[in-house]
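All chains are named by letter (A, B, ...) in the order of the sequence lines, taking the proteins before the strands, and each is independently numbered beginning at 1.
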Amino acid sequence: MGFYLMRTTNLYAPTLREAPAGADIPSHKLMIRAGMIRKAAGGLYTYLPLAWRTIRKIEQIIREEMDAAGGQEFMMPIIQPAELWQESGRWERFGAEMLKVKDRHGREFCFGPTHEEMITDVVRNELRSYKQLPCMLYQIQDKFRDEIRPRFGLMRSREFIMKDLYSFDKDDAGADISYQKMYDAYTNIFTRCGFNFRPVEADSGAIGGNHTHEFTVLAENGESDIAYCESCDYAANAEKAELSPIVADKEDMLPLEKVSTPGTNTIDLLCDFMNVSQEKTIKAVAFQNEKDEVVLAFVRGDHDVNDVKLQNAVGALDLRMADDDSIRAAGGEPGFMGPIGINKGTYVVVDSTVMNMFNAVTGANEKDVHYKNVNPSRDFSDEGIIVTDIRLIKEGDPCPHCGKPVKMTRGIEVGQVFKLGTKYSEALHATFLDENGKEKPLVMGCYGIGVGRTMAAAIEQHNDKDGIIWPRAIAPFEVVVVPVNAKVPEQLELAEQIYDGLKVKGVDVLLDDRKERAGVKFKDADLIGYPLRIIVGPKAINNDDIEIKIRKSGEMIHLGKDECIKRVQELLKTL
RNA sequence: CGGGGCAUAGCUCAGUUUGGUAGAGCACCUGGUUUGGGACCAGGGGGUCGCAGGUUCGAAUCCUGUUGCUCCGACCA
């Protein structure tokens, strides 16, 4: 037929029986074992042909949806001049994650960890009129972030492929429309990729901005904790999920009293000693911000601190656990901290729920001493304390939308949509003239998809003990044709005929013509995870009995040569 | 960055305690027998034992330093 035969003998896909030490999660192990990726260094991977085919299919789906939503594809450099980042203030703020380099003249650059500054610079001189708006530009580009701890293969690598689109509108209403278009496009993309996913409300993080959703694939090995509601459509990243204060039953406020509580430096020990429930205690957690100032957070004993909320509450760039010396310097005592008696000027953040408590127990800032009958509404001076929601959501907490108990699950964040507002356009003076000739900053949005991570997430969600189970849309090949014994000319010829027949119909097909034993080829087919396998053996030659095996269900279909092509096309539609 | 672990053949690992000729399985090459779920037999290639110092007649093994990888905690697509 004149088609180039895509043969396994001509495919660089070195499969491995065992995964190298250090690959821990299924997607990482399987990508290595299936001959898809190889590691060059920590967080740096080569995409071998099978992986690259899948990457390109994912990219193609993204392109189609971005274009349909009005996006225009373009390309920016990966190396970016320091000046732009200094202008936006992120040269320092991005920190060590940004890989900085100097050219031969000593001029400073960075490897782009993201492209807000670049794009704003591109448009600021020539996107000047409201008539040019809205405008959406996107690229599919390598980015580099010098991650503290790259891990899980492509899930958290340092160099990674990302689609990023930037929208420019003349006002908030326009930006909302762009945001919604992208939200819908993302929904289409991840649906087409075969995911079980949820768009979740999220914190906007270092990138800035005020409204954002993360598109999260539900999977055991995800790095995000997701709270979601089965009664309504609420879903949020745990670090974002807001909580209303819990109202405790009213009690008479008893007089504040110090009690000796030797050795009770944890909530568990304290509750045992005092014979009270955790709900009657106030837990203290001490942090330090980037200026080494101490931030003391107080939540109910059975609750945990949400450090993202806390960070936002005090406007910190960075928070870490405080060391004991710093705690003492602030007037606290490790293990026995309380809000009463802390030095003025120290950040004291109290969770809203705590303020509703009655006759609670809290540390007295002296070793082996607690206060009892603490009534925050009476005993915590308003002066200098911050009262807000800093609590981490947990399973069973009331849904912020409908009040029903929420569920928790793990997820892999594969995409994120942001309303940036005018943060970057103001910093970089990217303005346009409106209908009245008035100069205004562009209203921006940015929208990212981690392409490699999307591939990894697909494997996390679709695998079994034998290997990968690709959704058809992003499989490296849709079908593999396996002559059981490629040394038998009749089998090879029939397999080639079927290959040609499928190829004519536009099916993405591979011929496993290796002169290996059948078992080897079957094992590889399962490992690599082609959605369909067509087996051409002696039965096919003698009895016109060709077998189609469906990878996902394991189902085996027997049919004749004449029906084969048509049936494969039908089956593919269901996978 | 903090805390643990590891570094020996392409991959998985033994050998290190007690210093004395560098090993196995898988993979690879040759020949033969096999051929519907990772075959078998015979032969073969392949390692400056992460790197640099030191101790010793002699170091994969002991000492010091260093680098890389990896797992656990704080960042993120």
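When distances run from any side-chain atom of A/Gln416 to the nucleotides B/C76, B/U12, B/A77, the shortest one goes to B/A77.
Pair check for B/U66 finds B/G50; Watson-Crick or G-U wobble, both atom distances under 3.5 Å. Within the shown strands, nothing qualifies as a pairing partner of B/G36 under the Watson-Crick or G-U definition with both distances less than 3.5 Å. In this structure B/U30 sits in a base pair with B/A42, meeting the Watson-Crick or G-U test at under 3.5 Å.
In this structure, A/Arg149 has no salt bridge (Lys or Arg N to Asp or Glu O under 4.0 Å) partners at least two apart in sequence or on a different chain. With sequence neighbours left out, A/Phe74 forms a ring-ring contact (aromatic ring centres under 6.0 Å, His included) with no residue at all. Taking the side chain to side chain contact (heavy atoms under 4.5 Å, CB included) definition, one finds that A/Ala13 meets it with A/Leu11, A/Leu50, sequence neighbours left out. For A/Arg453, the salt bridge (Lys or Arg N to Asp or Glu O under 4.0 Å) criterion is met by no residue, not counting sequence neighbours. Shown here are the salt bridge (Lys or Arg N to Asp or Glu O under 4.0 Å) partners of A/Lys515, two or more places apart in sequence or in another chain: there are none. Listed by chain and number, the residues in a salt bridge (Lys or Arg N to Asp or Glu O under 4.0 Å) with A/Lys561 amount to none (sequence neighbours excluded). Under the ring-ring contact (aromatic ring centres under 6.0 Å, His included) criterion, A/Trp85 pairs with A/Phe94, not counting sequence neighbours. Take A/Tyr47 and apply the ring-ring contact (aromatic ring centres under 6.0 Å, His included) test, not counting sequence neighbours, and it matches A/Trp52.
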Identify every side-chain donor-acceptor pair in residues 487-495 of chain A under 3.5 Å, counting partners at least two apart or on other chains, and give the distances.
from: A/Gln491; atom 1: OE1; to: A/Val484; atom 2: N; distance (Å): 3.3
from: A/Gln491; atom 1: OE1; to: A/Asn485; atom 2: N; distance (Å): 2.7

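For the contact set between residues 42-61 of chain A and RNA chain B, defined by any heavy atom under 4.0 Å, the members are A/Gly42. Heavy-atom distances under 4.0 Å link RNA chain B to A/Arg145, A/Glu147, A/Ile148, A/Arg149 of residues 139-149 of chain A, given in residue order.
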Practice problem: Between protein and nucleotides 30-40 of chain B, map the contacts as a letter string: B base, S sugar-phosphate only, - none, heavy atoms under 4.0 Å, written 5' to 3'. | Solution: ----BBBBBB-
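Nucleotides B/G36 and B/G73 have their P atoms positioned 48 Å apart, rounded to a whole Å. The separation of B/A60 from B/G20, taken at their P atoms, amounts to 9 Å, rounded to a whole angstrom. Remark: the separation of the C1' atoms in B/A77 and B/C40 is 50 Å, to the nearest Å. B/U48 and B/U61 have their P atoms separated by 16 Å, given to the nearest Å. B/A7 and B/A14: their P atoms are spaced 7 Å apart (whole Å).
Residue order along RNA chain B, read from the 5' end via each residue's closest nucleotide, puts A/Gly22 first among A/Glu159 and A/Gly22.
Following rounding to the nearest Å, A/Glu223 (CD) and B/G73 (C1') show an atom-to-atom distance of 13 Å.
Proximity of a side-chain donor or acceptor of A/Asp389 to a complementary backbone N or O of A/Glu242 within less than 3.5 Å is not detected.
Residue A/Glu223 qualifies as enclosed at atom CD: its count of foreign heavy atoms under 6.0 Å is above 12.
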